[in-house]
Each structure stands twice: as C-alpha cells, then as structure tokens.
Amino acid sequence: MTTPPYTLQSFVRLAESDNRRGNDLSRQDRGVRRATRQLSNRRKQYLRDVPRYPTGSTARAQLRETYREDRGKLRKARDEAVEDALQTALSKFDKHVEEDSFELQLARGSVVKGKQTYKISRDLSITFPAKEAGKQLHHLSHVDHQSRNSIIRALQSALERPYPHAILKTDIKNFFESIPHDNLKTIITQAGLDSLSYSIVTTLLDEYNQLTNSASGLPRGVGLSSHLAESYLTDFDISIKSRPGVIFYARYVDDLIMVLEDESILTTLKQHIKTELADKGLQINKRKTLEIVSDEHGNYPTGTTVNYLGYQFKRANNTLATGLTQQRRARRENRLKIAFKAWLESKPSQIHPNHGHNGLLLNRVRYLAGNTKLLNSKANVAIGLYFSNSSLDREAEELKELDKLLRTLVILHRSKMTQKLHKRLKAISFVDMFSERTFLRLSPKSIEKIVKIW
C-alpha cells in the first residue's frame with residue numbers, strides 16, 4: 001500500500017530508509033540522540049556484565065532476560081523519540097506551507113574539484129520535506145536508476161564478447177549548472193508532480209536563482225537536485241536506448257557510454273545526442289568525448305583504454321581486462337604512503353608501545369586492503385577495497401602493484417620495525433584480501449583514528 005506523501009508515516013519511512021544507509025536521525029535531533037545513547041549504553045553494560053557469570057548458569061540467563069526486557073523498552077522509547085521529532089518537524093512544515101513561508105535556506109558550501117556546492121538547512125522540518133519531494137520525483141520517472149556496480153557489470157558483459165563493435169563515451173558539459181529552470185518546470189509538470197512537491201522544487205530553484213542570479217542550473221550537493229536532474233533526462237535516456245544499433249547504453253549523472261553494433265552508427269548517434277541535448281539547453285563535452293572502433297574480434301587499438309566510473313577497460317588478445325583508473329589507483333597508493341609517513345612521524349608510548357603507533361599502522365594498511373562495515377549502518381552496508389571495486393579482475397595489475405608498493409615500504413623501513421610488526425605487515429596482500437573479500441572488525445572509534453590522516 002502506498003504511503004501518502006508529507007505525513008508522519010511517510011516521514012517515518014524516510015527515516016527508516018536513511019537509517020539503513022547509516023544516516024541516523026540522532027545526528028539531527030537531541031531527543032533521538034539521547035534515546036539512542038541510552039540504548040547503546042545499556043548494551044555496553046550488558047556486554048561488560050555477562051562475562052562475570054558462567055555459561056549456562058541461572059544468573060547468566062537471568063541477566064540476559066533482564067537485558068532483553070530493557071532493550072525492548074529502550075527501543076520503544078527510541079522509536080517514540082523518532083516519531084516525536086518527525087511529528088514536530090511535520091507540524092512546523094505544515095505551518096510554513098499554510099503561511100506560504102516555507103524556505104530551504106539554500107547557502108553556498110565548499111568548492112569540490114573546482115565546482116561550487118550548496119547546502120540546505122539541517123532542520124528536520126526542511127530536510128524531510130525535501131527528501132519527500134525527491135522521493136515523489138523518483139516515483140514519477142518510472143525508471144529504476146542503476147547503481148555504479150550494476151552499470152559496470154552490464155558494461156563488462158557487453159564488452160567481454162569477441163565481436164566487432166564501437167564505443168562512444170562522452171559527458172554533458174556543466175550538467176548541473178546548465179539545466180534551464182523553465183524547461184525543468186515544464187517536464188515535471190507534464191509528468192504529474194503533485195502541487196506540494198512542485199512548490200518545494202520551485203522554492204529550490206528560486207533560492208538558487210537569488211544566490212547565483214541565473215535562471216539555469218541546480219545546486220550541486222543538494223539531494224533534491226539529483227532527483228531533478230534524473231527526471232530532466234529520463235526521456236533522453238529512453239531516446240538513446242531505443243536507437244537502432246545501440247547494444248548498451250548507460251548514464252551515471254553526466255557520464256554517458258554506449259556500445260554500438262559497428263562504426264557506421266557513431267556519426268549519426270553522436271549527432272542525435274547533440275540535437276537531443278541542445279533541445280534541453282545542454283551540450284556534450286567535446287574534450288571528454290572518446291570514440292573507439294574494435295577489430296573483428298572485439299580488440300581495441302594498441303594502448304587504447306576505456307575509463308568509466310573509476311574502472312579501466314582494455315581489450316586485447318580476445319580478452320577483456322578490468323582494472324582501476326590511474327587516478328583511483330593513485331589515491332589508494334597515496335594513502336598507503338601517508339600511513340607509513342604518519343607512523344614514522346609518531347612516537348610510541350612508553351607505557352603502551354603499540355598505542356597510536358605500530359597497531360595503528362597495521363590497522364591502516366589492513367583497512368586499505370580489506371573491508372569493513374559502514375559507520376552507523378543498520379543494514380550491514382560494507383565499504384572497502386572489494387566492496388568499492390567488486391568488478392575488478394581478481395588478480396588485476398593494480399592490486400599487484402599495491403602489493404609491490406607495500407613490500408617496498410616494509411623493506412625500506414624494516415630497521416624501525418619490531419619483529420612482530422614486520423611479520424604482520426608482510427602477511428598483508430591486496431590481491432589475497434580482495435579475492436577473499438576479507439572483512440575487518442573495527443570499532444567506530446578505530447575507524448575514526450584510521451581515516452583521520454587522509
């Protein structure tokens with residue numbers, strides 16, 4: 001059964017969805033934070049107390065039963081705190097709507113990779129209506145937008161077969177900054193967006209206009225902008241996918257890639273894309289446009305690579321090789337070097353020699369080579385070498401190079417290591433930990449220390 005938008009029930013479902021992805025509401029509301037902390041503290045108390053009693057003893061069973069009862073009550077208290085916070089947010093939102101005074105309080109954020117980002121207020125009465133508007137836009141598109149991993153696996157499937165084909169890769173120039181507001185409003189109106197969601201969207205566009213003095217563009221960094229951008233290009237995606245000769249098509253935000261039946265389709269398809277985008281006030285980025293034509297076996301010209309979403313594809317000798325882009329590999333190599341540099345610059349404690357020194361270096365190297373659970377995730381969401389690059393070849397050259405760099409660093413600094421540290425570092429392998437999907441058990445506090453230097 002569909003939940004009506006902008007109700008307590010719809011806000012609760014949004015909160016549950018966020019919680020599964022690791023975005024705990026306790027970060028934004030004091031009451032929820034207090035209830036969550038009480039639940040966490042009760043669990044810690046139980047874990048401290050339970051080892052004191054023999055396994056199978058009556059006292060231990062009673063302790064466990066008391067904990068279960070307390071946990072149930074505390075969970076109920078936390079859920080009530082969540083509902084109270086969201087009800088307050090909803091009431092505040094309703095009042096602003098009634099008074100025609102709702103604002104997202106859009107403001108400039110940091111500059112990321114040369115692009116200005118933006119942010120809206122963190123007040124729940126603003127963030128949750130914005131999330132709900134995004135959800136309604138997503139429902140209207142009638143398209144299940146693919147994840148990065150699913151796109152890459154589908155692309156691999158299209159490239160691994162030994163048949164003649166062509167590749168067209170490009171991106172949309174200044175995508176977010178170029179979308180005309182009038183065109184966007186027309187598209188979402190025709191799609192049937194409800195009046196309240198439409199009002200939130202126009203509020204975002206108006207506030208962006210006031211900040212930038214431009215009637216084109218969406219604020220990067222705001223979740224609602226991503227939903228609007230996807231809605232804006234839904235019909236464009238359908239148009240390209242349905243073109244004759246297109247074997248595979250994918251778009252991830254502004255990055256487009258197509259696998260085509262043969263070279264003859266390249267010119268006409270590229271012109272079609274230019275025309276379709278021009279109608280939307282957009283244009284392709286010529287500097288980032290790549291065209292590749294394979295031989296009859298599907299192999300690419302010597303030295304030719306295709307980079308897409310952090311992966312690098314090569315096809316030679318009738319075999320597809322999937323590695324990491326130079327930038328993605330360099331990032332991990334740099335973090336490995338920084339880990340050793342931080343270790344060299346730190347001093348072991350006189351009382352606890354491993355604290356913040358040897359043990360921390362070991363954890364940092366393991367963190368780079370392995371996987372761990374996402375902070376505050378309630379859905380076992382994992383991050384790490386494998387989970388961030390699961391489509392990589394099992395013995396990719398990039399993994400071997402990381403192993404080689406690790407061995408070089410260990411040899412270079414062997415004289416400063418204890419025998420125990422040296423042995424443990426030598427046992428770490430990026431190739432093996434990727435292949436085995438090694439999972440590390442690290443506390444949030446440990447992860448915070450590990451990533452601090454990066």
Side-chain angles (χ1 to χ4, degrees), residues 21 23 103-122 126-127 130-131 133-134 137-138 141 145-148 151-152 169-185 187-188 200-234 236-237 250-257 273-274 276-278 280-290 306-312 324-332 334-335 383 388-389 451 454:
R21 292 195 297 269
N23 300 320
E103 294 180 350
L104 290 162
Q105 299 178 22
L106 185 69
R108 286 184 172 87
S110 57
V111 176
V112 179
K113 296 181 180 179
K115 299 290 186 179
Q116 177 68 57
T117 66
Y118 297 81
K119 56 188 177 181
I120 62 174
S121 168
R122 286 177 54 82
I126 294 175
T127 58
K131 289 175 190 289
L137 282 164
H138 178 74
S141 67
H145 300 294
Q146 293 179 291
S147 67
R148 173 177 171 268
I151 289 174
I152 291 300
K169 178 180 174 293
T170 188
D171 77 3
I172 302 171
K173 188 175 182 180
N174 296 325
F175 178 39
F176 272 76
E177 292 77 13
S178 301
I179 297 176
H181 293 177
D182 287 343
N183 289 5
L184 176 60
K185 290 176 184 178
I187 286 176
I188 61 177
I200 293 173
V201 167
T202 55
T203 298
L204 177 69
L205 299 182
D206 290 344
E207 292 186 19
Y208 181 77
N209 190 325
Q210 291 170 12
L211 274 177
T212 64
N213 195 30
S214 174
S216 294
L218 296 171
R220 289 177 181 266
V222 176
L224 183 53
S225 293
S226 298
H227 290 289
L228 286 167
E230 289 301 313
S231 297
Y232 192 63
L233 287 186
T234 296
F236 169 81
D237 293 336
R251 178 180 60 81
Y252 192 84
V253 190
D254 56 357
D255 288 334
L256 288 70
I257 189 166
I273 291 173
K274 288 181 179 178
E276 289 283 309
L277 290 178
K280 292 182 171 295
L282 305 172
Q283 57 182 310
I284 65 171
N285 190 334
K286 295 180 180 179
R287 189 172 59 85
K288 294 185 178 181
T289 298
L290 173 70
V306 182
N307 293 340
Y308 195 64
L309 302 186
Y311 289 94
Q312 185 176 86
L324 296 176
T325 59
Q326 178 61 35
Q327 182 181 15
R328 204 171 184 86
R329 181 178 69 179
R331 187 184 304 124
R332 201 164 290 266
N334 189 47
R335 288 184 174 184
I383 57 173
S388 298
N389 308 281
V451 302
W454 299 320

*Atom CD1 of Ile284 and atom OG1 of Thr289: how far apart are they, to the nearest 0.5 Å?*
4.0 Å
*Could you walk me through whether Tyr118 and Leu104 pass the side-chain contact (heavy atoms from CB on, under 4.5 Å) test, one step at a time?*
CA-CA 11 Å; Tyr118 297 81; Leu104 290 162; over 6 Å; no
*Any chance NZ of Lys119 has more than 12 other-residue heavy atoms, nucleotides or ligands included, within less than 6.0 Å?*
no
*Would you indicate whether the side-chain heavy atoms of Leu218 and Tyr232 approach each other to under 4.5 Å?*
no
*For Ser178 and Leu282, indicate whether the former's side chain and the latter's backbone hold a donor-acceptor pair under 3.5 Å.*
no
*CZ of Phe236: more than 12 outside heavy atoms within 6.0 angstrom?*
yes
_Any side-chain heavy-atom pair of Arg335 and Arg331 under 4.5 Å_ = yes
*I would like to know whether Tyr208 and Val222 meet side-chain contact (heavy atoms from CB on, under 4.5 Å); could you show each step before the answer?*
CA-CA 11 Å; Tyr208 181 77; Val222 176; over 6 Å; no
*Between Ser225 and Leu204, what is the shortest heavy-atom contact and its length?*
OG-CD2, 3.9 Å
*Taking side chain as C-beta onward, heavy atoms only, is Arg251 less than 4.5 Å from Glu230?*
yes
*More than 12 non-hydrogen atoms from neighbouring residues, nucleotides or ligands closer than 6.0 Å to NZ on Lys173, yes or no?*
no
*Test item: Lys280 and Ile187 side chains (from C-beta on) under 4.5 Å apart, heavy atoms*: yes
_Side-chain heavy-atom pair Ile151, Ile257 within 4.5 angstrom cut-off_ = no
_Is any side-chain heavy atom of Lys288 closer than 4.5 Å to one of Asp254?_
no
*Look only at the side chain of Arg148 and the backbone of Leu309, and say whether a donor-acceptor pair between them is shorter than 3.5 Å.*
yes
*For Gly281 and Pro180, work out which heavy atoms get closest and say how close.*
CA-CG, 4.2 Å
_Can you tell me how far apart CG (Asp171) and CG (Leu256) are? Round to the nearest 0.5 Å._
8.0 Å
_Worked verdict on Leu205 versus Lys185 for side-chain contact (heavy atoms from CB on, under 4.5 Å)_ = CA-CA 10 Å; Leu205 299 182; Lys185 290 176 184 178; 3.8 Å; yes
*asked:* Quick check for you: to the nearest 0.5 Å, what is the distance between Leu290 atom CG and Asn307 atom CG?
replied: 8.5 Å
*asked:* Using 0.5 Å steps for rounding, measure from the CG atom of Leu224 to the NZ atom of Lys131.
replied: 11.0 Å
*Does Ile120 reach the side chain of Glu207, with side-chain heavy atoms less than 4.5 Å apart?*
no
*Hey, what do you get for OG (Ser231) to CG (Leu184), rounding to the nearest 0.5 Å?*
7.5 Å
*Nearest heavy-atom pair of Tyr311 and Ser388: which atoms, and what distance?*
OH-O, 4.0 Å
*Which heavy atom of Glu103 sits nearest a heavy atom of Thr203, and at what distance?*
CA-CG2, 4.2 Å
*Of all heavy-atom pairs between Ile126 and Ser121, which one has the smallest distance, and what is that distance?*
CD1-CB, 3.5 Å
*Considering non-hydrogen atoms only, spot the tightest contact between Lys169 and Val306 and give its length.*
CD-CG1, 4.3 Å
*How long is the gap from CG on Leu106 to OG1 on Thr212, to the nearest 0.5 Å?*
9.0 Å
*Are any side-chain N or O atoms of Tyr308 and backbone N or O atoms of Asp255, one a donor and one an acceptor, separated by less than 3.5 Å?*
yes
*Can you establish whether the number of heavy atoms outside Lys115 located under 6.0 Å from its atom NZ is more than 12?*
yes
_Asn389 side chain reached by Arg328 side chain, heavy atoms, under 4.5 Å_ = yes
